[in-house]
There are 2 protein chains.
Amino acid sequence: MNQHMRHNTACKTCSLSPLCLPVSLSFSEMDRLDDIIERGRPIEKGQYLFRQGDPMESVFAIRTGTIKSFALTRAGEEQITGFHLPSEILGLSSFGTQHHQVSARALETTNVCEIPLEHLERLSSQLPELGRQVMRVMGREIREDQQMMLLLSKKSAEERLASFLLSLAQRFKRRGYSEHNFRLTMSRSDMANYLGLAVETVSRVFTRLQKSGIIADTGSAREVHIADQKRLCDMASLSEGERVELGLIETTTTH
Amino acid sequence: MNQHMRHNTACKTCSLSPLCLPVSLSFSEMDRLDDIIERGRPIEKGQYLFRQGDPMESVFAIRTGTIKSFALTRAGEEQITGFHLPSEILGLSSFGTQHHQVSARALETTNVCEIPLEHLERLSSQLPELGRQVMRVMGREIREDQQMMLLLSKKSAEERLASFLLSLAQRFKRRGYSEHNFRLTMSRSDMANYLGLAVETVSRVFTRLQKSGIIADTGSAREVHIADQKRLCDMASLSEGERVELGLIETTTTH
DNA sequence: CGTAGACTTGACGCCTCTCAACGTTAGTGG
DNA sequence: CCACTAACGTTGAGAGGCGTCAAGTCTACG
């Protein structure tokens with residue numbers, strides 16, 4: 001009996017597969033992918049999925065939960081490089097190296113699908129559509145990182161937080177959750193780190209967003225209710241590329 | 001007669017191939033790669049290789065020269081996402097989309113190898129090592145972009161410029177040029193844009209670097225002579241990941 | 001119920017941006 | 001070959017956004 005049968009979680013029956021690696025695979029191809037996927041026990045909050053320097057043997061798809069990935073600076077502080085939601089793929093940035101270049105840690109109880117690299121490479125050469133999907137996912141990650149570079153080099157604190165909240169909202173929406181009400185799984189400090197701000201600045205901007213009625217006071221710092229999405233968009237000063245990712249415009253226009 | 005024969009520039013005879021796509025291909029495999037590569041006329045300074053929104057049909061390897069790639073913000077200003085030197089691959093960030101997500105423009109007369117996507121995908125499934133190399137290149141790009149995120153969110157103006165100069169020095173060295181003397185092909189304004197600084201700040205830091213004797217005054221703003229590499233390294237506050245890329249340490253250690 | 005960590009708020013200072021003026025270089029056409 | 005000009009680069013003064021420090025409040029969990 002396959003491991004994934006034990007957990008009753010095959011790609012074929014997973015609601016996330018249209019967002020994940022199996023997209024555009026046939027049922028029989030999905031079966032072959034399922035055969036190489038390992039689904040272990042849940043990762044508890046605070047546990048590491050892998051650490052910077054660990055031998056790189058697998059990539060991971062998130063099934064439920066949230067993971068943050070981060071690199072260490074020389075001073076030993078962390079630089080968060082991303083928050084990962086269900087269906088997103090983790091570990092691609094270490095492709096071509098023997099060791100993981102970042103650490104990955106659970107922000108809440110998280111279930112992942114582990115995909116051993118060795119098997120993935122073999123299967124990719126047999127299923128061209130799978131290899132293509134891996135490249136598409138990597139391409140998207142590059143674009144997102146470059147959006148992030150834009151955010152960090154050109155945007156004010158308000159614009160950064162607004163962009164971040166809209167990005168989260170859109171990602172929740174695509175996964176079938178509310179785009180207006182959601183729970184932040186990361187701390188203010190994690191957000192600040194990711195957005196290149198001080199914790200205090202993040203806190204102040206949240207307060208300002210509430211006072212201006214753009215987000216509602218839910219009583220809890222981690223609960224977000226977006227009350228005025230349009231004004232939040234205005235505040236974010238979204239770039240062309242961000243608007244594409246958020247589905248606000250169809251395709252990039254020529255300039 | 002093949003086009004690449006006309007220009008006497010086959011992968012097999014190209015000094016850059018160990019840094020480029022053909023790495024670890026056999027001679028006969030390189031021939032097959034050569035067959036799908038198109039090598040057109042040089043791109044003059046200021047000309048576009050492609051523009052944001054153009055249909056994406058190829059990726060490009062740089063043979064000689066420098067290309068900057070950049071995205072457009074809503075206000076119409078550009079955000080430079082990278083400077084590309086010989087052997088580097090351009091266009092990967094648009095993988096999985098129909099259109100280029102960035103524009104690419106020559107900073108000096110530049111020769112490129114054009115690799116049509118359609119052929120590359122077909123050949124990749126026949127030569128697994130080629131597909132793996134494409135993924136390695138994409139992995140490296142993700143890591144570099146994440147280094148850049150760290151630079152933009154945590155480093156001071158001095159640290160940014162020092163890191164940038166060291167990165168260029170290392171890349172020139174790997175291509176067989178001096179790592180201590182080189183010519184900047186980009187303007188102060190391009191550097192400032194890329195590093196998330198104002199032009200004036202870049203200029204001031206250059207002046208400071210000269211006054212402290214870390215770089216020598218060459219008489220020209222575009223000519224750089226690194227006089228004290230060690231102090232430049234100290235000034236850059238390099239992260240673990242940067243030190244790996246610069247070859248200062250062998251492998252990432254476990255933490 | 002107590003404590004540690006997370007979050008908020010205020011005061012203050014500094015790094016870098018902006019604005020402005022000026023010097024320098026490179027490209028153009030007479 | 002030189003004059004002209006636009007782009008590029010440098011330098012200074014002033015201002016503001018955000019980081020830092022400090023204190024206090026809130027929340028989660030043992």
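Heavy-atom basis, side chains included; hydrogens, waters and symmetry copies ignored. The structure displayed is predicted, hence computed values, not measured ones.
Between Asn193(A) atom CG and dC7(C) atom C1' there is a gap of 17 Å when expressed in whole angstrom units. The nearest whole Å value for the distance from the CG atom in Leu184(A) to the P atom in dC7(C) is 9 Å. What separates CG of Leu195(B) from P of dC15(C) is a distance of 19 Å, to the nearest Å. The separation between Phe206(B) atom CZ and dG23(C) atom P is 22 Å, rounded to whole Å. At whole-Å resolution of the value, CD in Glu223(A) and P in dA28(D) are 11 Å apart. Computed from coordinates, the Arg183(B) CZ to dC8(D) P distance equals 13 Å when rounded to whole Å. The nearest whole Å value for the distance from the CD atom in Glu158(A) to the P atom in dC18(D) is 8 Å. Asp217(B) has its CG atom 10 Å from the P atom of dT10(D), to the nearest Å.
Comparing Arg208(A) and Ser220(A), the nucleotide of DNA chain D nearest to each residue sits closer to the 5' end for Arg208(A).
A heavy-atom distance below 4.5 Å is found between the side chains of Glu88(B) and Arg175(B). For the pair Leu85(B)/Phe172(B), a side-chain contact is recorded, criterion being any heavy-atom separation below 4.5 Å from C-beta on.
A 6.0 Å sphere centred on CZ of Arg208(B) holds more than 12 heavy atoms belonging to other residues, nucleotides or ligands. The 12-atom threshold is exceeded at NZ of Lys154(A), counting heavy atoms of other residues, nucleotides or ligands nearer than 6.0 Å.
Centroid-to-centroid, the aromatic rings of Phe83(B) and Tyr194(B) come within less than 6.0 Å.
At dC7(C), one or more side-chain N or O atoms of Arg222(A) fall inside 4.0 Å of OP1 or OP2 (strictly under the cut-off). In this model, the phosphate group of dT9(C) is not approached by any side-chain N or O of Ser203(A) to a distance below 4.0 Å at OP1 or OP2.
Across all strands, Ser156(A) comes closer than 4.0 Å only to sugar-phosphate atoms, never to a base (heavy-atom distances). Residue contacts for Ser187(B): at a heavy-atom cut-off of 4.0 Å it reaches the sugar-phosphate backbone alone, with no base atom in range.
Taking the six-membered ring where the residue is Trp, Phe50(B) and Phe60(B) present parallel rings, their angle staying beneath 30° rather than reaching 60°.
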Inset, instruction - Indicate for each nucleotide in nucleotides 20-26 of chain D, in 5' to 3' sequence, whether protein heavy atoms under 4.0 Å reach the base (B), only the sugar-phosphate (S), or nothing (-). - result: BBB----
Inset, instruction - For Glu108(A) and Arg183(A), run salt bridge (charged side-chain N to carboxylate O under 4.0 Å, His left out): C-alpha distance rounded to whole Å, both residues' side-chain angles, the deciding distance at 0.1 Å, then the answer. - result: CA-CA 12 Å; Glu108(A) 58 185 332; Arg183(A) 185 169 192 296; 5.8 Å; no
